[in-house]
Amino acid sequence: MRTAGLAFLLAALALAGCENPQSAFDPAGDEAARVLALFWAMLAGGVVIWVIVVGVSFYAVKVRPGRHSERTGLRLIIWGGCVFPTVVLAALLVWGLGLLNDLRRPGDGPTIAVSGERFWWRVSYGVTGAPGVLRSLPRGGIPGANEIVIPLGQRSTILLGSPDVIHSFWVPPLAGKMDAIPGRVNRLILEPTETGIFNGTCAEFCGLAHAQMGFRVIVVPPAEFEAYVQAQARPAAVTTGPGLDLFLKNGCAACHAVRGTPARGTVGPDLTHLASRRMIGAGILPTTAENIADFIASPDHLKPGVEMPAFAMLPEAEIARIADWLGSLQ
Ligand code: CUA
């Protein structure tokens, strides 16, 4: 039983290392690859040091027990306990500082503002981020939510902020974590080396739905990125109909914007191209009309702590109409 469990664990670990869209052991970006190299170097160094220490202890206790000369002991302490760790730690510090400097150099790709909200990610393409310390995220830009599309091979600058509580933006295959904090804008550079869809998550406890605050980073060729941003800049595909009328009548527009319609709310995610996103509710459900309807009826049930009120009091047919319309907004 025990062996089976161990075999399962090893297999799971081995599998986690490959083809996992949320594994730091399967890097698809410059920063993640370098941090992984540093990790392996430190792990190898740690193993070597552990083997030496255990070996020396074994020698002292089992191979040659009894008194040892004071001179040998002193020499061991000076070389093994002072000189060796100083050299190793200094080398690692120099490596780490060089890495830090290299990873933080400004990007040549697009600048994208990402705000950690409770509990989703507000995305704005086409913003310009002035260098130096920013207190708040730049306004404007082309809105999106929970999906960040970036071009392959370019250094995209992600400007991170938050209006209220601290979140942490983490997409393990691409880069390390970076906090999204109120009152200060942090910069993270993403330089993907592979196309694909990578899962990210909030890595700082921020409230009830912290664990349901996922996002995706989608890496595409540069031409496709330009086309995506242009498509997101367009107004909604369907700007009339009963779905929209019910959306407006029931007050959804107080929080949500659908460009091309009178809905201009800014509290919640912009829904202009909701159906172009793979998931709703910050990564909790695939984008289908049924799931949208379920979310409208009882968002707190699917995502405890969500700010959106439940609309279960509406007739099911009305919710279905709204969901159908939202589901058509490619
Ligand atoms: Cu946002 Cu945890």
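Order of appearance sets the numbers: ligands from 1, and atoms from 1 within every ligand.
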### Query
Can you tell me if NE2 on His68 sees more than 12 non-hydrogen neighbours from other groups inside 6.0 Å?
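Enclosed: over 12 neighbouring heavy atoms sit under 6.0 Å from NE2 of His68.
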### Sidechain N-carboxylate O distance under 4.0 Å for Glu117, Arg122
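Yes, this pair counts.
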### Query
Given Phe215, which of Trp170, Phe169, Trp120 fulfils the ring pair (Phe, Tyr, Trp, His ring centres under 6.0 Å) condition?
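Answer after filtering Trp170, Phe169, Trp120: Phe169.
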### Message
Using 30° and 60° as the class boundaries, would you call the ring planes of Phe205 and His210 parallel, tilted or perpendicular?
### Response
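Aromatic pair Phe205/His210 classed perpendicular.
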### Query
Side-chain heavy atoms under 4.5 angstrom apart, residues restricted to Ile, Leu, Val, Met, Phe, Trp, Tyr: same cluster for Ile166 and Leu137?
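No, no single cluster joins them.
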### Query
Which distance, rounded to the nearest 0.5 Å, do you find between the SG of Cys252 and the CG of Leu326?
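The CG atom of Leu326 is 7.5 Å from SG of Cys252, to the nearest 0.5 Å.
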### Query
Closer than 2.8 Å to atom 2 (Cu) of ligand 1, which protein N, O or S atoms?
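For atom 2 (Cu) of ligand 1, the protein N, O and S atoms that sit under 2.8 Å away are Cys202 SG, Glu204 O, Cys206 SG, His210 ND1.
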